[in-house]
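Order of the sequence lines sets the chain letters (A, B, ...), proteins ahead of strands, with each chain counted from 1. For the numbers below, each heavy atom of this structure counts, side chains included, while hydrogens, waters and symmetry mates do not.
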Amino acid sequence: MDKFVIKSKRSAIESKETPSTKNRKTDCETEQNKRIIWKKINGENLSLEHCQLFSNSEASDLLLKCEEQLEYNTGHLAKVQIFGKWIDIPRKQVAHGDDGLSYKFSGNCIPALPWTPLLTEIRDKITEITGHKFNFVLINRYKDGCDHMGEHRDDEKELKDGAPIASLTLGQQRDFIFKHADSRGKNAKRKIPPVVVELTHGMLLMMKYPTNKYWYHSLPVRKKALGLRINMTFRTMVTKQPDK
DNA sequence: TCTAGTAATGGGC
DNA sequence: AGCCCATTACTAG
């Protein structure tokens with residue numbers, strides 16, 4: 001297992017500069033598609049597949065471009081109401097996608113901004129590799145290991161039935177934890193062990209049906225993770241029904 | 001009408 | 001010290 005721990009945003013971006021020549025990129029990048037190796041993680045109604053979609057240097061380049069180009073929601077779109085209090089979400093978030101789509105998040109309705117050349121390029125690369133088309137991407141920026149996301153399932157009603165979600169990691173490696181709906185809480189019906197996936201720089205994780213129906217996922221706090229992570233989850237949203 | 005979902009908090013390990 | 005878990009109140013649909 002090749003663990004690549006990025007200690008800071010700076011090192012994430014500069015890590016492509018290796019002292020030796022063994023990792024030097026040639027101009028055969030088009031050959032890369034043939035070298036992609038998928039790994040599967042399966043369980044009861046759990047179906048995940050992941051691969052190293054982007055090389056270390058490609059992923060670092062994309063992370064840098066994201067930092068230069070992306071802007072994140074502020075104000076009420078960056079807050080959530082919990083137990084009566086309005087709290088800033090512990091990360092930054094923005095959505096892009098086809099015209100008219102939006103993302104509902106605990107009462108908030110986050111409208112999709114238009115696709116940008118950078119996001120279109122990444123989207124099309126994922127489509128090329130997976131064969132799946134996406135009309136929406138939710139981007140979450142975790143500045144360090146203290147930024148996180150709680151346990152949740154993605155809103156099934158908004159997502160096209162049976163469509164996978166493609167999750168791209170850029171930057172800091174983080175743990176991603178899946179918990180079965182029946183094994184959560186004090187009065188859990190069953191004891192199903194959680195599944196931990198290490199999300200690494202340049203890794204694409206496909207969450208396939210029906211994973212999201214039965215399994216919650218979270219990105220817990222990791223105090224020792226010091227670097228920046230940007231995550232993009234490409235989705236296929238249900239497009240608005242034409243009025244009858 | 002009833003269910004599910006958001007994150008901070010504090011205690012146990 | 002870090003990680004895990006149960007608890008907390010209100011809203012949208």
Discussion item. Between the side chains of A:E44 and A:R190, is the shortest nitrogen-to-carboxylate-oxygen separation below 4.0 Å, so that they form an ion pair?
Written reply: yes

Item to complete: Would you tell me if any nitrogen or oxygen in the side chain of A:K179 comes within less than 4.0 Å of OP1 or OP2 on C:dC5?
Response: yes

Worksheet, complete the sentence: note: A:Q81, atom CD; B:dT6, atom P; distance rounded to Å ~ 13 Å

Item to complete: Please indicate whether A:E71 has more than 12 foreign heavy atoms, meaning atoms of other residues, nucleotides or ligands, lying under 6.0 Å from its CD.
Response: no

Worksheet item: Once you round it to whole Å, what is the distance between P of B:dT6 and CG of A:N140?
Response: 12 Å

Worksheet entry | A:F83, nearest nucleotide to its side chain (from C:dC10, B:dA7, B:dG5) | B:dA7

Response to the item:
Residue pair A:K104/A:G84 against DNA chain C: nearer the 5' end by closest nucleotide is A:G84

Worksheet item: NA contact type, A:I87, heavy-atom cut-off 4.0 Å: base, sugar-phosphate, or nothing?
Response: sugar-phosphate

Worksheet, complete the sentence: note: A:D175, atom CG; C:dG2, atom C1'; distance rounded to Å ~ 13 Å

Discussion item. In this structure, how many angstroms lie between the C1' atom of C:dG2 and the CD1 atom of A:I177, rounded?
Written reply: 13 Å

Worksheet entry | Euclidean distance, A:H50 NE2 relative to A:I37 CD1, rounded to 0.5 Å | 11.5 Å

Fill in: Partner set under salt bridge (Lys or Arg N to Asp or Glu O under 4.0 Å) for A:D99, not counting sequence neighbours
none

Worksheet entry | Atom-to-atom span, NZ of A:K157 to P of C:dG13 - whole angstrom | 9 Å

Discussion item. Just verifying a value: how many Å separate A:N135 CG and A:L101 CG, rounded to the nearest 0.5 Å?
Written reply: 5.0 Å

Worksheet item: OP1 or OP2 of C:dT7 sitting under 4.0 Å from any side-chain N/O of A:K186?
Response: yes

Worksheet entry | Interatomic distance, A:K85 NZ vs B:dG5 P [rounded to whole Å] | 22 Å

Worksheet item: In terms of the angle between their ring planes, are A:W215 and A:H180 parallel, tilted or perpendicular, with boundaries placed at 30° and 60°?
Response: perpendicular

Item to complete: Could you tell me how the ring of A:Y103 sits relative to the ring of A:F105: parallel (under 30°), tilted (30 to 60°) or perpendicular (over 60°)?
Response: parallel

Worksheet item: What integer distance in Å separates A:K191:NZ from C:dC4:P?
Response: 16 Å

Worksheet entry | Residues in contact with DNA chain C, drawn from residues 212-223 of chain A - heavy-atom cutoff 4.0 Å | A:V221, A:R222, A:K223

Fill in: Touch class at under 4.0 angstrom, heavy-atom based, for A:R91 against every strand present
sugar-phosphate

Fill in: A:H148 NE2 to C:dG2 C1', straight-line distance once rounded to whole Å
14 Å

Discussion item. Checking contacts here: which listed nucleotide (C:dC3, B:dT6, B:dA8) is nearest the side-chain heavy atoms of A:P90?
Written reply: B:dA8

Item to complete: Would you tell me if any nitrogen or oxygen in the side chain of A:H152 comes within less than 4.0 Å of OP1 or OP2 on B:dA7?
Response: no

